[in-house]
Each structure stands twice: as C-alpha cells, then as structure tokens.
Visitor: 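Before we start, here is the structure in question, set down as structure tokens.
Naming convention: chains lettered A, B, ... in sequence-line order (proteins, then strands); numbering from 1 in each chain.
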Amino acid sequence: MKQSQLFTHTLKESPRDEVSLNAQLLIKAGYIYKEMAGVYSFLPLGLKVLNKIEKIIREEMDDIGGIEMRTSVFQNQEVWQKSNRWDDSVVDNWFKTKLKNGTEVGLSFTNEEAYANILKQYINSYKDLPAYPYDFKTIFRNEARSKSGIFRGREFYWKALYSFSKDEEEHYEFYDKAKEAYRKIFQRVGVGDLTYLTFASGGSFSKFSHEFQTLTKAGEDTIYIDEKKGIAVNKEVYTDEVLKSLKLDKNNLVERKAVEVGNIFSLGTKFSAPFNLKYVKPDGKEDLVVMGSYGIGLGRLMGTIVEVLADDQGIIWPKSVAPFQVHLIDLRTKRDDKIYQILQKQGFEVLYDDRKISAGIKLKDADLMGMPYRLVQSDKLGDKLELKRRGSKEINLYSEKEIIKVLQE
RNA sequence: CGGGGUGUGGCGCAGUUGGCUAGCGCGCUUGGUUUGGGACCAAGAGGUCGUGGGUUCGAGUCCCACUACCCCGACCA
C-alpha cells in the first residue's frame with residue numbers, strides 16, 4: 001500500500017495520558033487509537049497485525065482439532081444463573097444492559113456457560129465427543145481499573161477454545177496438545193524464548209492451571225522461574241508445598257515480572273454439571289462431559305510483542321505479524337512506483353513511502369513503525385536498492401533482480 | 001472502590017500576587033528554497049481554557065460540585 005493513502009500518521013511525542021510503552025509506541029506509530037480508559041480502536045495497521053496473530057492462532061487451533069465458531073456477545077441471564085455466575089455479588093465485572101422490554105442481558109466476559117449451553121443441545125452420545133469449539137470474539141469486563149495500556153482493557157479481543165471430553169484421560173490428552181500448540185503460537189509470534197509455562201492456581205477441579213507468561217517488566221504478574229527446566233510458578237501458588245509437588249528447588253528459582261499471554265484450565269465438571277451436559281456411553285450409562293478452557297488475549301499479545309522487542313527507536317515486528325514485510329522508502333527527487341509494483345507482483349507485502357516529505361521523517365517513521373525490512377531508493381544509490389533489517393545495523397546494496405531473491409530468503 | 005496527580009488549538013507544553021486582544025514548539029494550509037536521520041524563509045488557518053455553578057468591576061488564574069484521564073493500592077472466571 002502507498003503510505004500517502006494511509007490516513008493515519010505518526011506522532012512525534014507520546015500522548016500525555018499514556019505511560020505504558022506498548023500503548024505509547026502503538027499510538028505514536030499509528031496502530032491503535034485510544035477511545036477511553038482501557039478501550040482502544042485498532043487502526044488499519046493495527047488491524048493488520050491483529051489479523052496476522054489471529055491467523056497464526058487459528059492455524060494452531062485447527063491443527064489440534066479446534067473448530068471455529070462464534071458465540072454471541074449478548075448473553076441470556078437464565079443461562080448464567082444455572083452456574084450461579086449471573087449475580088453481581090458473584091461476578092462483579094459484568095457489563096449488563098436491558099432490552100426494550102426490560103429483560104436484563106449481559107455482555108460476554110467469558111464463554112464457559114455459552115458453550116456448555118450450546119453443546120448441551122448437540123452432545124448426546126459418546127460419538128459426539130470429543131469436541132473442541134473455539135471463537136475469536138470481543139469480550140467486555142468492567143474492570144475497576146484498567147492499566148498497562150493495551151495489557152488490561154475493559155474491552156478486548158480474544159481467542160477462547162473449550163474442550164469437551166469423555167473423561168479425564170481424553171481431557172488431558174488434549175490438554176497436553178493445547179500446551180504444545182500454545183508454545184508454537186508464542187514461538188511463531190516472536191516471544192517464545194521469553195515465554196514460560198507457568199503453574200498457577202487451578203480452581204476446584206485441578207491442582208493447577210497453566211499460564212503462559214512472557215517476561216517483561218511491564219507485566220502485572222510475578223513468577224518464579226526454573227531456567228533449566230523452562231517452567232515457572234506464579235507467585236499466587238508459590239509455597240513450599242507446591243514447590244515440593246513440582247519437584248522444584250527454591251534455590252534454582254529466579255523472581256521475574258511477566259505478563260500472562262495465555263492460559264489453559266481444566267474445568268472438570270464444574271460447568272457440565274449445572275448444565276447437565278451428559279452423554280451416553282457405549283454401555284448405555286450416562287456420564288458428565290469433562291471440560292477445559294484455553295484462552296489467549298490477542299490485543300495483549302500484540303502489546304507484549306511490542307513491549308518485549310522494541311528498541312529506543314520504536315517497534316520491531318517479527319516477520320510473522322508485521323503489517324507489511326517491506327517498508328519501501330523512496331528518497332529520490334523523481335519518484336516512480338516501479339519497484340513497488342514489481343514487489344507487489346512478486347507477492348510481497350509492501351508499504352511504499354511515496355510521501356513528499358524529508359528523508360529524515362521517512363527514516364524515523366520507518367524505525368518507529370517497525371517493518372522487518374527497510375528498502376531505500378535514493379538518487380545517490382543509482383539503480384541499487386539499500387536493504388536494512390529493522391533492529392540490525394547491517395546495510396546491503398542490491399540490484400533490482402537480486403533484491404527479490406534476498407527478500408524471499 | 002481508597003489515596004495521589006493532571007485536564008489550556010490535532011499533539012506536547014507555558015501562562016507570575018486575578019487585569020488589556022490567551023502564548024510557545026510541533027503539526028496543518030499557501031508560496032518559494034531544500035532533499036540520507038524529524039530542513040529553511042515568508043504569509044495564514046485553527047481556542048466553549050474538561051463541565052456546571054459561585055466570588056469579583058474583571059476568572060485560564062480564587063472557591064464548590066461534577067466529570068475524564070494517569071499513577072499507587074484493593075480487585076482480576
């Protein structure tokens with residue numbers, strides 16, 4: 001796309017009311033727009049990143065048997081009363097509103113009940129199981145205080161998968177697959193090396209849940225990491241007893257700040273019981289379905305990528321989630337879009353800075369916006385093109401023909 | 001929800017003990033000169049000073065209430 005057609009532009013200074021690095025950079029570079037505390041709109045560039053992340057998550061979910069669908073945002077109070085999670089005294093961060101006829105409805109803050117209720121309609125036999133439906137959806141939570149920029153909002157976009165299994169064995173078989181899928185996701189979006197499988201509180205049906213925590217001082221969580229084993233323990237369950245059960249030695253653990261980018265949870269029959277979600281086994285007897293939940297906040301993950309990889313010049317996107325692979329900077333006196341067209345035809349995602357402004361601004365913007373490759377056209381280079389990887393200092397010159405091969409690497 | 005802080009053109013800020021037509025930088029528009037790390041000159045446009053009330057001859061400035069945003073804490077299936 002031609003940058004002159006992009007209505008957003010970069011800011012020279014950070015907005016006063018934004019302190020967290022992730023939101024500062026994303027706002028300055030034109031990826032997101034702050035509507036109010038904890039609520040952000042995604043601008044064209046931001047949506048591109050979000051879509052890339054979504055695609056990666058979708059691929060990994062589909063790979064382990066996930067089936068995408070979409071649950072509604074409006075939720076029926078009768079459904080949630082079954083699990084006793086409608087009342088504000090039980091869950092105090094619901095956003096609720098009323099229909100014209102006075103009926104009270106809620107805006108989704110999570111999906112367990114919605115899925116249990118829907119699946120109740122279709123799960124009858126062991127032949128219907130297991131089932132792994134999931135959705136991408138905007139979720140609303142009336143947080144007392146939003147904070148950390150895009151890390152904790154009142155409205156956010158997430159992926160939630162729920163597993164419906166015949167028994168514990170089948171459940172944990174999938175649970176372990178989900179762990180691996182999550183590892184792949186975080187690896188693919190570029191934060192894998194900083195992301196630890198973390199033991200956290202599990203609720204009534206399992207001793208632990210598992211969180212995926214990415215190290216960053218901007219994180220709200222404190223975790224204790226065993227570097228050698230590659231696992232961590234959340235402060236909320238950091239006790240001698242827990243360490244013993246996990247065979248971790250306190251002396252090998254280091255305390256770090258981290259942000260929870262994903263979690264997986266064994267729910268047992270916590271929700272299948274109130275919804276009477278049962279199936280008939282081959283022997284004719286009935287049993288409750290065993291559930292699990294698997295969530296990833298996409299906006300938070302996007303913010304984490306920014307937070308963890310940025311340098312003092314701006315954002316550095318991994319190729320996998322960058323809105324464009326190549327930022328083509330035209331510094332020539334007489335510009336034409338020949339190279340841009342060629343690269344487009346070759347299938348590269350190119351942001352072409354064709355604006356009539358000074359070189360300095362273009363180069364600064366390129367650093368701030370963080371595309372993986374910066375390709376410069378300039379009078380002093382003649383027919384050569386200058387390639388620089390964002391975050392690297394190395395600069396190389398290539399001919400028109402060479403550049404295509406190099407970019408395809 | 002408790003404590004603290006801040007609201008002044010699009011963005012970042014200044015505005016003294018209340019005083020004249022509310023300034024500065026960036027950005028924007030027009031013209032000209034520039035062109036490899038946020039260029040320069042000239043001329044312009046753009047403001048309910050968060051909202052409401054009060055004190056006063058006079059309020060961006062003082063008082064009260066409200067509201068929004070930020071930070072710390074509590075909370076976070």
Visitor: Which residue, A:L11 or A:A37, contacts RNA chain B at a nucleotide closer to its 5' end, judged by nearest heavy atom?
Guide: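 Mapping each residue to its closest nucleotide by heavy atoms, the 5'-most match is A:L11.
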
Visitor: Between A:W317 and A:Y31, is the ring centre distance below 6.0 Å?
Guide: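 Centroid distance A:W317-A:Y31: below 6.0 Å, so yes.
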
Visitor: Under the salt bridge (charged side-chain N to carboxylate O under 4.0 Å, His left out) rule, what pairs show up with a residue in residues 1-15 of chain A, not counting sequence neighbours?
Guide: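 Applying salt bridge (charged side-chain N to carboxylate O under 4.0 Å, His left out) to every pair that reaches into residues 1-15 of chain A, excluding sequence neighbours, yields A:K2-A:D337.
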
Visitor: Between B:rG23 and B:rC64, how far is it from one P atom to the other, in whole Å?
Guide: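 Result for the P pair: 30 Å, nearest Å.
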
Visitor: I'd like the C1' distance from B:rG60 over to B:rU48, given in whole Å.
Guide: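 These two C1' atoms come out 13 Å apart once rounded.
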
Visitor: Test: side chain to side chain donor-acceptor pair (under 3.5 Å). Region: residues 288-300 of chain A. Which pairs qualify, not counting sequence neighbours?
Guide: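 Non-adjacent pairs meeting side chain to side chain donor-acceptor pair (under 3.5 Å): A:S163-A:Y294.
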
Visitor: In chain order, what residues pass the side-chain hydrogen bond (donor to acceptor under 3.5 Å, both in side chains) check against A:R152, with sequence neighbours excluded?
Guide: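 Scan of A:R152 (side-chain hydrogen bond (donor to acceptor under 3.5 Å, both in side chains), adjacent residues dropped) gives A:E143, A:E220.
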
Visitor: Which one is paired to B:rG31, where only Watson-Crick or G-U wobble pairs with both distances under 3.5 angstrom count?
Guide: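 With both distances under 3.5 Å, B:rG31 matches B:rC41.
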
Visitor: Measure CD1/A:I27 against C1'/B:rG27 and give the value in whole Å, please.
Guide: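 That distance rounds to 17 Å.
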
Visitor: Taking the P atom in each of B:rG36 and B:rA22, what is the distance between them to the nearest angstrom?
Guide: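 The answer is 42 Å between these two P atoms.
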
Visitor: Looking at A:K34, does any N or O in its side chain come under 4.0 Å of the phosphate oxygens OP1/OP2 on B:rC70?
Guide: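 Yes.
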
Visitor: Under 3.5 Å for both donor-acceptor distances, Watson-Crick or wobble: does B:rC66 have a partner, and if so which one?
Guide: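 Answer to the pairing question: B:rG50, which forms a Watson-Crick or G-U pair with B:rC66.
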
Visitor: B:rG7 base to A:D17 side chain: any donor-acceptor pair below 3.5 Å?
Guide: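 Such a pair does not exist between side chain and base.
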
Visitor: Mind checking the CD-CG spacing from A:Q377 to A:D330? Nearest 0.5 Å is all I need.
Guide: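 Reported to 0.5 Å precision, the distance equals 4.5 Å.
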
Visitor: Measure the distance from CD on A:Q313 to P on B:rG38 and round it to the nearest whole Å.
Guide: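 Spelled out: CD on A:Q313 to P on B:rG38 is 11 Å.
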
Visitor: I'd like to check the side-chain hydrogen bond (donor to acceptor under 3.5 Å, both in side chains) partners of A:S148; sequence neighbours left out, ordered by chain and number.
Guide: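 Residues passing side-chain hydrogen bond (donor to acceptor under 3.5 Å, both in side chains) with A:S148: none at all.
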
Visitor: Tell me which nucleotide among B:rG38, B:rG12, B:rG37 gets nearest to the side chain of A:D367.
Guide: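 Selected nucleotide: B:rG37.
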
Visitor: Could you check A:H210 against A:Y175 for ring-ring contact (aromatic ring centres under 6.0 Å, His included), going step by step and ending with a plain yes or no?
Guide: CA-CA 10 Å; A:H210 292 91; A:Y175 193 86; 5.5 Å; yes

Visitor: Taking the same atom, P, in B:rA59 and in B:rC49, what whole-Å distance lies between them?
Guide: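 Approximately 12 Å lies between the P atom of B:rA59 and that of B:rC49.
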
Visitor: Could you go through nucleotides 74-77 of chain B and list every protein N or O atom that sits under 3.5 Å from one of its N or O atoms, giving the distance for each pair?
Guide:
unit_1 : atom_1 : unit_2 : atom_2 : d
B:rC75 : N3     : A:R152 : NH2    : 3.4
B:rC75 : N4     : A:R152 : NH2    : 3.3
B:rC76 : O2     : A:R152 : NH1    : 3.1
B:rA77 : N7     : A:R141 : NH2    : 2.6
B:rA77 : N6     : A:R141 : NH2    : 3.3

Visitor: Would you mind pulling out the nucleotide paired to B:rG12, Watson-Crick or G-U wobble, both distances under 3.5 Å?
Guide: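 Its partner is B:rC24 (Watson-Crick or G-U wobble, both distances under 3.5 Å).
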
Visitor: Strictly by ring pair (Phe, Tyr, Trp, His ring centres under 6.0 Å), give each pair with a member in residues 74-107 of chain A just once, sequence neighbours left out.
Guide: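 Sorted result for residues 74-107 of chain A: A:W80-A:W94, A:W80-A:F109, A:W86-A:W94, A:W94-A:F109.
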
Visitor: Figure out the CZ/P separation between A:F7 and B:rG27, and round it to whole Å.
Guide: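 Rounding to the nearest Å, CZ of A:F7 and P of B:rG27 are 21 Å apart.
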
Visitor: Quantified in whole Å, what is the C1' atom distance between nucleotide B:rG38 and nucleotide B:rU56?
Guide: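 So the two C1' atoms sit 48 Å from each other.
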
Visitor: Sort me out a list of protein N/O and nucleotides 28-36 of chain B N/O pairs below 3.5 Å, or just none if empty.
Guide:
unit_1 : atom_1 : unit_2 : atom_2 : d
B:rG36 : N7     : A:S378 : OG     : 2.6
B:rG36 : O6     : A:S378 : OG     : 3.1
B:rG36 : N1     : A:E386 : OE1    : 2.7
B:rG36 : N2     : A:E386 : OE1    : 3.0
B:rG36 : N2     : A:E386 : OE2    : 2.7

Visitor: What is the distance from CG of A:D312 to P of B:rG38, rounded to the nearest Å?
Guide: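 Distance, rounded to whole Å: 15 Å.
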
Visitor: In whole angstroms, how far is the P atom of B:rC69 from the CD atom of A:Q24?
Guide: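 Taking atom P of B:rC69 as the reference, CD of A:Q24 is at 18 Å.
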
Visitor: Under the side-chain hydrogen bond (donor to acceptor under 3.5 Å, both in side chains) test, which residues partner A:Y279, sequence neighbours left out?
Guide: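 In terms of side-chain hydrogen bond (donor to acceptor under 3.5 Å, both in side chains), with neighbours along the sequence ignored, A:Y279 is linked to no residue.
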
Visitor: Whole angstrom is fine here: how far is it from CD1 in A:I361 over to P in B:rC26?
Guide: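 Spelled out: CD1 on A:I361 to P on B:rC26 is 12 Å.
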
Visitor: Identify, with sequence neighbours excluded, every residue that meets side-chain hydrogen bond (donor to acceptor under 3.5 Å, both in side chains) alongside A:E260.
Guide: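 Result, side-chain hydrogen bond (donor to acceptor under 3.5 Å, both in side chains) vs A:E260: A:N263.
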
Visitor: Can you tell me if A:D88 has over 12 outside heavy atoms packed within less than 6.0 Å of its CG?
Guide: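 Counting neighbours around CG of A:D88, more than 12 heavy atoms of other residues, nucleotides or ligands fall under 6.0 Å, so yes.
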
Visitor: Let me check something: any side-chain donor-acceptor pairs from residues 116-125 of chain A under 3.5 Å, sequence neighbours excluded? List them with distances.
Guide:
unit_1 : atom_1 : unit_2 : atom_2 : d
A:K120 : NZ     : A:N276 : O      : 2.9
A:S125 : OG     : A:K127 : N      : 2.7

Visitor: Whole-Å distance between B:rC11 P and A:E18 CD?
Guide: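 Going from CD in A:E18 over to P in B:rC11 covers 14 Å.
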
Visitor: In the structure shown, which nucleotide is the Watson-Crick or G-U wobble counterpart of B:rC75, with both distances under 3.5 Å?
Guide: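 In the structure as shown, B:rC75 has no Watson-Crick or wobble partner.
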
Visitor: Round to a whole Å and report the spacing from CZ of A:R16 to P of B:rG25.
Guide: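 Rounding to the nearest Å, CZ of A:R16 and P of B:rG25 are 19 Å apart.
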
Visitor: Which pairs, protein N/O on one side and nucleotides 40-43 of chain B N/O on the other, fall under 3.5 Å?
Guide:
none

Visitor: Please identify each residue that fulfils salt bridge (charged side-chain N to carboxylate O under 4.0 Å, His left out) with A:D167, with sequence neighbours left out.
Guide: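 Salt bridge (charged side-chain N to carboxylate O under 4.0 Å, His left out) list for A:D167, sorted by chain: empty.
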
Visitor: Rounding to the closest angstrom, what is the interatomic distance between B:rG46 and B:rC24 at atom C1'?
Guide: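 Going atom to atom, C1' in each nucleotide, I get 15 Å.
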
